[in-house]
Every structure is written in structure tokens, then in C-alpha cells.
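Only one structure is covered here, and it is reproduced in the block below.
From a predicted model like this one, the values you see are computed outputs, not experimental measurements. Computed over heavy atoms, backbone and side chain alike; hydrogens, waters and symmetry mates excluded. One is the number of the first residue; the rest follow in order along the sequence.
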Amino acid sequence: MADTAKPANKSSPVKNGYLILYNAVSAVLWLTVLGRVVGANLTGSPRQVYPVVGEFCKWTQTLAGMEVLHSLLGIVRAPFFTTFMQVFSRYAIVWGVTGLFPELARGRGAGDAYSSLAYTTMLGAWAATEIVRYTYFALTLASGGRPPRALHWLRYHAFFVLYPVGISSEAYLIWRAVEPAKAAVGPLYSTLLFGYVALVYPPSAYILYTHMMAQRRKVMGAKASGKKTQ
């Protein structure tokens, strides 16, 4: 997801305080999502995840739409296009797939045991990613650019595992939604979902993944250069 830690220019105390609050609140919300996902699996099964956390996760993710505005208004230096792609892809899931076809996440009706498991792994990957990201940004801003080393390492390495888990889970859920969409919404929507997962998702996933790799190289390279000059 987008970088909400770097103000566009020299930040005012008000802007800095707002960004710290936004990131801190978002981190707590995603920690709640992860806690509910883990709890539902410990006390039941992946089929219990959606009833426990589905609506809460939908609105937690909806809040991330603020990041598109942050980028558009120049509050942060995050690139608008990649920010929009990241937020839209998740909106498509929580509103256009599991929001319309909750039986997929529940593993019932058009869903199956794999779709409920995919929903669980997707939320787990999303939540773990966002907890690290938002906590990193909040502490980076609050500390004047000196986040804990462990958190810095997680920020630029955890996505190697979490991104493939999340994107493959998302793709499976979209794929499973193609058939029920015909009857519930219409053939056109079904075709759009098929085109999205078959034609749009692969290049979008590549663009976002390489964007994160580029961010990692830039940050880790700058850190290595800083050590050499010390």
C-alpha cells in the first residue's frame, strides 16, 4: 500500500499530527482484524471468519480510501496511480466480491472449503501487512525518522511472503465469484469479474510487486550508503 509517512513537503505540526493519528488508528483497526481472524480459527474454523470480522474488515479497508485523497491533495508523496490501484483492488474484493457474495467467504453455496480458507489467508496477509506498515509510518513520523530496526526490516521484507499469499487468495475469491455473479447481478458483471481476474489482475499484481521491490531497493540502498559514509 501507499506510503503515508512522508509528507509532500516540510510538514507542519498539524499535518504531522494528523498523519500520526491516521496511521496509529489504522494500525489498531488492522490489529483488531487480525485478532478476530485468529480467534475465529482457534475457536472454530475458517468458515467462522466472515461472520466474526467480515463487516468490520470491509469498513476498515474502506477507510484506506483516505490514502487516495492524501496522494491527490499532496499531503504525502505517495504516487497517485499506484495508491489508487492498491486501494481499488481491495475495494473490489470487500465491496464487489465478498460484499455481494458472502457465501464465498463462509464456504457455503457458491463457495467451498477453499474459498473460506482463501478469505482467511487473505485477511491474515492484509492485516499483517497493514499492522507493520501503519505502525512503521506512525513511529517514523513520531520519532523524526528513526523507527525500530526490527520494524524497518519487516516493512521492507515481509511483503516477499505476505503479498503472494494475499494476491493469490484475492484471485481465487474473484474467480469463484464469476459464476454466482451471473444469477445474482447479471452476465455483464460476471464477464467483468472474469476479465478482471484473468486480464487485469496479473499485470496489476506485477506492477504493484515491482513497485514495492523498487521501494525496498531505494530505502535499503540509501541505508547502506549511509553506513559507508559514517
Flag, side chain of T135 to backbone of V132, donor-acceptor distance under 3.5 Å
no

Check the hydrophobic clustering (I, L, V, M, F, W, Y; side-chain heavy atoms under 4.5 Å; chains of links allowed) and say if L173 and Y163 are grouped together.
yes

Using the side chain to side chain contact (heavy atoms under 4.5 Å, CB included) rule, take T60 and W30 through it: C-alpha gap first, then chi angles, then the decisive distance, then the call.
CA-CA 7 Å; T60 295; W30 282 106; 3.6 Å; yes

Does the structure place the NZ or CZ of R216 under 6.0 Å from the centre of the six-membered ring of F159, at an angle of no more than 45° from the ring's axis?
no

Heavy atoms only: give me the nearest I174-L193 pair and the separation to one decimal.
CG2-O, 3.8 Å

If you measure from SG on C57 to OH on Y50, what distance do you get to the nearest 0.5 Å?
9.5 Å

Would you say W95 and T62 are linked by a side-chain donor-acceptor pair, where the criterion is simply a distance under 3.5 Å?
yes

Indicate yes or no for a side-chain donor-acceptor contact from Y189 to the backbone of G96 under 3.5 Å, with no hydrogens or angles considered.
yes

May I ask you to decide whether E179 forms a salt bridge with R176, counting only side-chain N to carboxylate O separations under 4.0 Å?
no

Short side-chain to backbone donor-acceptor contact, S116 and R106, under 3.5 Å
no

Rounded to the nearest 0.5 Å, what separates atom OG1 in T83 from atom CZ in F88?
15.0 Å

Any donor-acceptor N/O pair, S45 side chain to N41 backbone, under 3.5 Å:
no

Would a distance-only check, ignoring hydrogens and angles, find a side-chain to backbone donor-acceptor pair under 3.5 Å from T32 to V28?
yes

In this structure, are over 12 heavy atoms from other groups packed under 6.0 Å from F160 atom CZ?
yes

Does the plane of the ring in H70 sit parallel, tilted or perpendicular to the ring in Y22? Use 30° and 60° as the thresholds.
perpendicular

For the side chain of T98 and the backbone of I93, is there at least one donor-acceptor N/O pair under 3.5 Å apart?
yes

Verify the neighbour count for atom CZ of F194: are there more than 12 heavy atoms of other residues, nucleotides or ligands below 6.0 Å?
no

Kindly assign one of parallel, tilted or perpendicular to the pair Y156 and H152, based on the angle between their ring planes and the thresholds 30° and 60°.
tilted

Linked, directly or transitively: L63 and W59 (ILVMFWY side chains, under 4.5 Å)
yes

Give the minimum heavy-atom separation between T121 and A118, together with the two atoms involved.
OG1-O, 3.0 Å

Pairwise distance OG(S26) to CD(E130) - rounded to 0.5 angstrom:
8.0 Å

Begin from the C-alpha positions of S89 and Y196 and carry the test side chain to side chain contact (heavy atoms under 4.5 Å, CB included) through to its verdict.
CA-CA 10 Å; S89 66; Y196 184 53; 3.7 Å; yes

Taking all atoms of both residues into account, what is the closest heavy-atom pair of V97 and A177, and its distance?
CG1-CB, 3.9 Å

So do the side chains of I131 and W126 get within less than 4.5 Å of each other, counting heavy atoms only?
no

Interatomic distance, CD@E67 vs CG@L72, rounded to 0.5 Å, equals 13.5 Å

Can R47 and E103 be counted as an ion pair, charged N to O under 4.0 angstrom?
no

Do the side chain of S71 and the main chain of F80 share a donor and acceptor less than 3.5 angstrom apart?
yes

Are V14 and Y18 close enough, and set up right, to give a side chain to side chain contact (heavy atoms under 4.5 Å, CB included), and what steps lead you there?
CA-CA 6 Å; V14 173; Y18 164 73; 5.5 Å; no

Any donor and acceptor pair, going by atom type alone, linking the side chain of N16 with main-chain N or O of S12 inside 3.5 Å?
no

With rounding to the nearest 0.5 Å, note down the distance linking CE in M85 to NE2 in H211.
10.0 Å

Taken to the nearest 0.5 Å, the spacing of R36 CZ from L31 CG works out to 11.5 Å

Close side-chain approach of V87 and Y91, heavy atoms under 4.5 Å
yes

Between Y201 and I167, does the side chain to side chain contact (heavy atoms under 4.5 Å, CB included) criterion hold? Intermediate values first, please.
CA-CA 9 Å; Y201 233 64; I167 202 73; 3.5 Å; yes

So with a 6.0 Å cut-off around CZ of F81, is the heavy-atom count from everything else above 12?
no

Of all heavy-atom pairs between S115 and L104, which one has the smallest distance, and what is that distance?
OG-O, 2.7 Å

Find out if a path of hydrophobic residues (ILVMFWY) with successive side-chain heavy-atom gaps under 4.5 Å connects L19 to V25.
yes

